[in-house]
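Notes follow the structure.
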Amino acid sequence: MAIDRVSSMPSMPHHRKDERKDEQKQLVFDASVLKYQSNIPKQFIWPDHEKPCANAPELQVPLIDLGGFLSGDPVAAMEASKLVGEACQQHGFFLVINHRVDATLLADAHNYMDNFFELSLTEKQRAQRKLGEHCGYASSFTGRFSSKLPWKETLSFRYSAEKNSSKMVEDFIVNKMGDELRHFGRVYQDYCEAMSKLSLGIMELLAISLGVGRANFREFFEENDSIMRLNYYPPCQKPDLTLGTGPHCDPTSLTILHQDQVGGLQVFVDNKWHSISPNLEAFVVNIGDTFMALSNGRYKSCLHRAVVNSHSPRKSLAFFLCPKGDKVITPPTELVDAYSPRIYPDFTWPMLLEFTQKYYRADVNTLEVFSNWVQQRNS
Ligand SMILES: C=C1C[C@]23C[C@H]1CC[C@H]2[C@]1(C)CCC[C@@](C)(C(=O)O)[C@H]1[C@@H]3C(=O)O
Ligand SMILES: O=C(O)CCC(=O)C(=O)O
Ligand SMILES: [Fe+2]
């Protein structure tokens with residue numbers, strides 16, 4: 001059964017379920033074919049109010065130099081945390097440079113991604129993600145959603161920072177794709193380790209900016225159980241009708257994204273879509289719904305999307321930091337008082353993840369609908 005936005009998870013009438021199954025069976029997003037088609041299947045056409053708008057103005061996002069902070073300079077740490085705090089109070093997006101992620105590793109991550117997505121659909125489908133699961137290959141989520149399909153292929157896998165999981169990514173890739181992709185798996189294992197390390201540094205800056213203990217969030221995410229996602233956006237002959245990724249807030253805690261030089265990431269600020277220009281030296285960082293709850297709403301998870309174009313494929317590598325499954329999302333006591341009462345209920349990340357994978361397509365309201373769902377279940 002394909003999943004669309006549901007408010008109270010109604011059971012689907014049988015006849016509709018059968019119709020949907022037939023419809024979904026026919027629809028396969030084979031990028032090697034669809035990128036040449038000028039008649040776009042209706043499932044990929046977004047409603048007028050969500051279609052891309054021409055020439056979105058560039059968003060002035062703070063470019064935060066992490067060099068001094070990563071060298072242990074306390075003044076630089078204060079300066080960086082101030083810039084991070086200002087960005088998170090406005091739109092939750094900022095860029096980081098001098099991040100110490102190895103340039104060769106970053107180049108390999110982009111190159112190996114090209115190799116994978118240029119495989120035949122049959123080859124890629126060896127890693128096909130199962131309904132309700134978040135790891136594996138997906139081509140525009142046909143079978144998962146029945147309308148407003150994203151114009152993209154994705155490969156997602158789980159990364160755990162726990163000591164005994166040092167081969168989790170490599171093993172997943174080899175298990176799905178065979179031994180010939182072992183090195184591919186190794187590259188993304190190393191990439192995720194670099195992302196995890198960078199995330200923990202950024203968590204220190206977020207803690208300082210919120211006035212909680214500097215180690216507070218770092219310890220909370222030390223043994224993170226995160227999601228790595230490779231986004232591949234084929235060219236589209238009608239890029240004004242489709243979206244690579246629909247409008248959403250990331251349900252996760254922190255996203256570290258590297259976009260290639262093509263451009264397409266847009267953020268909704270001051271009631272208008274703004275583009276974030278490519279900068280290969282920088283990572284785009286944004287906080288997600290889970291961190292918004294952890295900060296008791298002080299920092300906002302921000303609406304964003306990705307547009308496509310008619311001339312070249314676009315790639316982005318998104319590392320989604322997530323806490324270990326047994327961690328309860330409760331804001332530090334410093335962030336809750338009579339003037340700032342609790343906004344969201346306690347929850348764990350696996351609860352929110354299951355909600356987005358089985359019941360609700362993440363959008364701008366995910367955390368609010370999820371909170372009501374949790375409170376209904378607890379009442
Ligand atoms: C936990 C996740 C669900 C999604 C991938 C990660 C973080 C972002 C989420 C997503 C990108 C938000 C928009 C809708 C979505 C279905 C997508 O377009 O990919 C979301 C991802 C998902 O549910 O697979
Ligand atoms: O590809 C992009 O630039 C954004 C992708 C994104 O927002 C996501 O995968 O959550
Ligand atoms: Fe996102």
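Just follow the structure's listing: the first ligand is 1, and inside any ligand the first atom is 1. What you see is a predicted model, and the numbers here were worked out from it, not measured in a lab.
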Checking heavy atoms under 4.0 Å, the part of Lys148 that sits near ligand 1 is neither
Quick note on ligand 1: atoms under 4.0 Å from a heavy atom of Phe145 include exactly 16 (C)
Mark the output for Gln259 as yes if a heavy-atom distance to ligand 2 is under 4.0 Å, and as no if none is. no
Could you tell me whether Phe217 and Phe221 have their ring centroids closer than 6.0 angstrom?
-> no
Taking only non-hydrogen atoms of Lys152 and a 4.0 Å limit, the atoms of ligand 1 in range are 17 (C), 18 (O), 19 (O)
Joining Ile, Leu, Val, Met, Phe, Trp and Tyr whenever any side-chain heavy atoms lie under 4.5 Å apart, the cluster holding Ile208 also takes in Met78
Between Ser340 (side chain) and Val336 (backbone), is there a donor-acceptor pair under 3.5 Å? no
### N/O separation below 3.5 Å, Thr245 to ligand 2
no
In terms of its nearest heavy atom to atom 9 (O) of ligand 2, the top option of Val307, Asn231, Leu317, Val262 is Asn231
Within 4.0 Å of some non-hydrogen atom of Phe320, the atoms of ligand 2 are 8 (C), 9 (O), 10 (O)
Ligand 1 atoms nearer than 4.0 angstrom to some heavy atom of His248 are 12 (C), 13 (C)
For this session: State plainly whether the residues Glu193 and Lys197 are in salt-bridge range, i.e. N to O under 4.0 Å.
Result: no
Nearest non-hydrogen contact to atom 22 (C) of ligand 1 from the set Glu133, His134, Arg144 belongs to Arg144
Grouping ILVMFWY residues whenever side-chain heavy atoms fall under 4.5 Å, the cluster of Val328 otherwise contains none
Taken by chain and residue number, the protein N/O/S atoms under 2.8 Å from the Fe ion (ligand 3) read His248 NE2, Asp250 OD1, His304 NE2
protein heavy-atom neighbour closest to atom 21 (C) of ligand 1 works out as Arg229 NH1, 3.6 Å
_Side-chain (Ser165) to main-chain (Met168) donor-acceptor, under 3.5 angstrom_ = no
* Do side-chain atoms of Ser226 reach the backbone of Cys322 as a donor and acceptor pair under 3.5 angstrom? -> yes
Note: ligand 1 atoms sitting under 4.0 Å from heavy atoms of Ala362 are 12 (C), 13 (C), 14 (C)
Logged contact type for Ser156 with ligand 1, heavy-atom cut-off 4.0 Å, is neither
Ranked by distance from atom 3 (O) of ligand 2, the top protein heavy atom is Arg314 NH2, 2.7 Å
For the aromatic rings, using the six-membered ring if either is Trp, is the centroid distance between Tyr344 and Phe370 under 6.0 Å? no
**Prompt:** Ring centroid separation for Phe29 and Phe44, is it under 6.0 angstrom?
**Reply:** yes
Do His258 and His110 have ring centroids that are under 6.0 Å from one another?
yes
The protein heavy atom nearest to atom 5 (C) of ligand 2 is Tyr233 OH, 3.5 Å
His248 heavy atoms within 4.0 Å reach ligand 2 at atoms 6 (C), 7 (O), 8 (C), 10 (O)
Students should find that the hydrophobic cluster of Leu303, defined by side-chain heavy atoms under 4.5 Å apart, otherwise consists of Phe268, Trp273, Val364
Checking heavy atoms under 4.0 Å, the part of Trp349 that sits near ligand 1 is side chain
